[in-house]
Amino acid sequence: MTIRTRFAPSPTGQMHVGNLRTALYAWLLAKSQGGAFILRIEDTDQARKVEGAVDFIYNILADTGLTHDEGPDKGGEYGPYTQSERLPIYKEMSEKLIELGGAYRCFCTPERLDSVREVQKEAGEQQKYDGHCLHLSPEEIQKNLDANLPFVVRQKMPLDGATTFDDEVFGEITIEHSTLDDLILMKTDGFPTYNFANVVDDHLMKITHVVRGSEYLISTPKYNLLYQAFGWTPPKYVHVSAVMRDAKKKLSKRDGDANYRDFIEKGYLKEALLNYIALLGWNAGDDREKFTLSDLVEAFSIAGISKSPAIFDEQKLRWLNGEYIRELSAEAFQKIAEPWIRTVVKSKTADVAYLCTLLQKRTEILSEIPEKVDFIEEIPEYSVELYTHKKMKTNPENGLQSLKILQPALEAFEPWDHAEMYPMIVKLAEVNDINKKKLLWSLRVALSGKALTPGGGTDLAAIFGKSESMRRLNSAIDKLEKEE
RNA sequence: GACCCAUUCGUCUAGUGGUUAGGAUUCCGGCCUUUCACGCCGGCGACAGGGGUUCAAGUCCCCUAUGGGUCGCCA
């Protein structure tokens, strides 16, 4: 029997990274064993529906490479794959379940339910349905139905005993039936709840392994009771623990930047992001940390999933992203870096390709590029104290001296060849009996107006070209002379 | 509050009765160097606490603590 897993998001907007990780694990489980990955849209809550959210899900799955074999857009043998299009199925199934004795109609109003809960809360009791409609006679039920009273369908829980199931990650879990509430399966609006739809659909769609967040761990026995009532075989369960923002808070949509798209917009590469979230709560059993998607397919196994919640560490993501950036070819890096460079550098003459070779080893996330290159467009206001560097024993006075040595040499330097410039300056330092580092430090400050730059003085000269370099050099000399 | 689950360096983790408790990241040193970064080398840093079981416990059991989850006509 081939493995079938599913990703079943509700179309409520952004793709949270915890959600993405669940999708990744489900996809990996299927693909690592030659199985199928199914996308199902769980839109049973009409109030929470968000326009465009389904397309957004398609885009992310396509973008990350977690492609599905069956889904609303691709079809498949077990469709429709959108729950709002399966309403007749749930209706039929719920009626069947009532016949089977696994469920009953409940005509209680939300107001009555609230007050029951209120009373239970005051008394310090467990809050659960009080069974009011459980023993309605067939006549009473018919009367209510004839009166068109709205009703929900509730699952009838056994009163005693316990259900045990064996989770693939957490092991054996046992829940006493006495703690179970009679779940609502069908709402008054004719839509199923998750509690019902997931069971019906997972069964009908022949899902073999249910991968989902650990918040469902405790409800799983309720679902198994449903399977049992129908006479179906439950799937295997793979519950994965939460992704946390910090030790106390779960990563949540409300925290703002936990979304896939936000990370991409901040300049993270999708490969790095995916790699990182794979590692949050899973490991290959060895020391490897860098995985392509196909590496993951090869290495993935349920045994590597850990039980405890993992805190999302953006610092480590940054590092991983840097690793991915450094592995890019020069062309590939320039392609993704140039748009970021162009947000601040408008110059047509600056050598962007060369700039990129300098930037590549100095970039962890793309969004830090603009601040690194802003001096290229326009030299910032800077203090001549930048010429002071203790270790190199430089200061504005000898800085000026250095620039005056460099000025005629560079003026005469033809062609403006970067590879030749550095040895030329080294030689120039020797001739003038001055430390080459003094010359280079001053040159860098003169060209950039900054203490930290990608690359050194000759690198900057290469980026700017001769005319702009000489312009900056001369104006630096002017500036220093004025200060004297 | 009740129930379920978890707990190894700050963080992600390896570890399935006998290890100097390993790796990665962060941080700190050093080397390299045209500033910074990259790279390389090194360092700091953990078995939540208490009881058992055992010749031997991070590994098994119990209790406590802490944290998370669930208790919706949300999923």
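None of these values were measured; they are calculated from a predicted model. Order of the sequence lines fixes the chain letters, A, B, ..., with proteins taken first and strands second; residue numbering starts at 1 for each chain.
With Asn275(A) contributing its side chain and Ala278(A) its backbone, the two residues share no donor-acceptor pair below 3.5 Å. Checking side-chain atoms of Thr292(A) against main-chain N and O of Asp295(A) turns up a donor-acceptor pair under 3.5 Å. At least one donor-acceptor pair under 3.5 Å links the side chain of Thr394(A) to the backbone N or O of Tyr387(A). Not one N or O on the side chain of Glu364(A) forms a donor-acceptor pair closer than 3.5 Å with the backbone of Asn321(A).
Phe191(A) comes within 4.0 angstrom of nothing in the nucleic acid, heavy atoms only. Within the 4.0 angstrom heavy-atom criterion, only backbone atoms of the sugar-phosphate kind lie near Ala310(A); the bases stay farther away. Nucleic acid contact class of Cys108(A) (heavy atoms, under 4.0 Å, all strands): base. Lys436(A) comes within 4.0 angstrom of sugar-phosphate atoms only, judged by non-hydrogen atoms across all strands, and of no base. In this structure, Pro454(A) reaches the bases: a heavy-atom distance under 4.0 Å links it to at least one base atom across the strands shown. Counting any heavy atom pair closer than 4.0 Å across all strands shown, Tyr216(A) reaches a base atom. Among the atoms of the strands shown, base atoms are found under 4.0 Å from some heavy atom of Thr188(A). Nucleic acid contact class of His418(A) (heavy atoms, under 4.0 Å, all strands): base. Within the nucleic acid shown, Leu279(A) comes within 4.0 Å of sugar-phosphate atoms alone, with no base atom in reach, counting heavy atoms only. Within the nucleic acid shown, Gly281(A) comes within 4.0 Å of sugar-phosphate atoms alone, with no base atom in reach, counting heavy atoms only.
Under the Watson-Crick or G-U wobble criterion, with both distances below 3.5 Å, rU20(B) has no partner in any strand shown. For rG29(B), the paired base is rC41(B) (Watson-Crick or G-U wobble, both distances below 3.5 Å). The partner of rA46(B), taking Watson-Crick or G-U wobble pairs whose two distances both stay under 3.5 Å, does not exist in any strand shown. Across the strands present, rU54(B) finds no partner; the criterion is a Watson-Crick or G-U wobble pair with both atom distances under 3.5 angstrom. With a cut-off of 3.5 Å on both Watson-Crick or G-U wobble distances, the partner of rU7(B) is given as rA65(B). rU70(B) is paired with rA2(B) under the criterion used here, namely a Watson-Crick or G-U wobble arrangement in which both key atom distances are under 3.5 Å. Remark: rU35(B) base-pairs with no nucleotide; criterion is Watson-Crick or G-U wobble with both hydrogen-bond distances under 3.5 Å.
At rU35(B), none of the side-chain N or O atoms of Lys391(A) fall inside 4.0 Å of OP1 or OP2 (strictly under the cut-off). A sub-4.0 Å separation between OP1 or OP2 of rC74(B) and a side-chain N or O of Thr44(A) is absent. Considering only side-chain N and O atoms, Lys307(A) lies nowhere under 4.0 angstrom from the phosphate OP1 or OP2 of rU7(B). Using a 4.0 Å cut-off, some side-chain N or O of Asn283(A) falls inside it from OP1 or OP2 of rA14(B). Listed pair Ser306(A) / rU13(B) meets the phosphate criterion, a side-chain N or O lying under 4.0 Å from OP1 or OP2. For Lys290(A) and rG23(B), the shortest distance from a side-chain N or O to OP1 or OP2 is not below 4.0 Å. The side chain of Arg117(A) contributes an N or O atom lying less than 4.0 Å from OP1 or OP2 of rG72(B).
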| note | Nucleotide by nucleotide, nucleotides 37-48 of chain B touches protein heavy atoms under 4.0 Å in the pattern (B base, S sugar-phosphate only, - none) BSS---------

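Distance from the side chain of Pro110(A) is smallest for rC73(B) among the nucleotides rC3(B), rC73(B), rC12(B). Side-chain proximity of Ser10(A) to the nucleotides rC4(B), rA75(B), rC12(B) is greatest for rA75(B). Of the listed nucleotides (rC3(B), rA75(B), rA6(B)), rA6(B) has the atom at the smallest distance from the side chain of Ser308(A). Each of rG72(B), rC4(B), rU35(B) was ranked by its minimum atom distance to the side chain of Arg444(A); first place goes to rU35(B). Considering only the side chain of Trp441(A), rU35(B) comes nearest among rG23(B), rC73(B), rU35(B).
Across rC4(B) and rC61(B), the matching P atoms stand 16 Å from one another, rounded to whole Å. Only the P atoms considered, rG15(B) is 14 Å distant from rU8(B), to the nearest whole Å. Across rU26(B) and rG18(B), the matching C1' atoms stand 33 Å from one another, rounded to whole Å. Nucleotides rG10(B) and rA48(B) have their P atoms positioned 11 Å apart, rounded to a whole Å. With both ends at atom C1', the span from rU19(B) to rA37(B) equals 37 Å, rounded to whole Å. Taking the C1' atom of each, rA46(B) and rU53(B) are spaced 25 Å apart, rounded to whole Å. Remark: the separation of the P atoms in rC31(B) and rG69(B) is 48 Å, to the nearest Å. rC3(B) and rA56(B) have their P atoms separated by 35 Å, with the value rounded to a whole Å.
With rounding to whole Å, Arg212(A) atom CZ is found 13 Å from rU70(B) atom P. Gln127(A) has its CD atom 7 Å from the C1' atom of rC71(B), to the nearest Å. Phe375(A) places its CZ atom 15 Å from the P atom of rC36(B), with the value rounded to the nearest Å. Taking atom CD on Glu215(A) and atom C1' on rC5(B), their separation rounds to 13 Å, with Å as the unit. Computed from coordinates, the Gln126(A) CD to rC3(B) P distance equals 9 Å when rounded to whole Å. Atom CE of Met157(A) is separated from atom P of rC71(B) by 12 Å (rounded to the nearest Å). A straight line from CD of Glu176(A) to P of rC4(B) spans 8 Å, rounded to a whole angstrom. What separates CG of Leu439(A) from P of rU35(B) is a distance of 14 Å, to the nearest Å.
Under the 4.5 Å side-chain criterion, counting only non-hydrogen atoms from C-beta, Val169(A) is not in contact with Ser241(A).
Comparing Tyr194(A) and Gly285(A) by the nucleotide of RNA chain B whose heavy atom lies nearest to each, the residue mapping closer to the 5' end is Gly285(A). Positionally, the nearest nucleotide of RNA chain B for Thr179(A) lies more toward the 5' end than for the other of Thr179(A) and Asp313(A).
Remark: Lys427(A) does not engage Glu430(A) in a salt bridge, criterion side-chain N to carboxylate O under 4.0 Å. At a threshold of 4.0 Å, the pair Asp313(A)-Lys316(A) does not count as salt-bridged, since none of the basic side-chain nitrogens sits closer than that to a carboxylate oxygen. Of the charged side-chain nitrogens involved, at least one lies within less than 4.0 Å of a carboxylate oxygen, so that Glu298(A) and Arg288(A) count as a salt-bridged pair.
Applying side chain to side chain contact (heavy atoms under 4.5 Å, CB included) to Tyr104(A) and the options Val153(A), Leu185(A), Asp182(A), Ile98(A) leaves one that passes, Asp182(A).
Aromatic rings from Tyr25(A) and Phe300(A) are positioned such that their centres are separated by under 6.0 Å.
In this pair, Phe165(A) and Tyr237(A) present their aromatic rings perpendicular. The plane angle is above 60°, beyond the 30 to 60° band. Phe413(A) and Trp416(A) have perpendicular rings, their planes meeting at more than 60° on a 0 to 90° scale where under 30° would count as parallel.
Side-chain to base pairing of Thr453(A) with rC36(B): no donor and acceptor N or O lie closer than 3.5 Å to each other.
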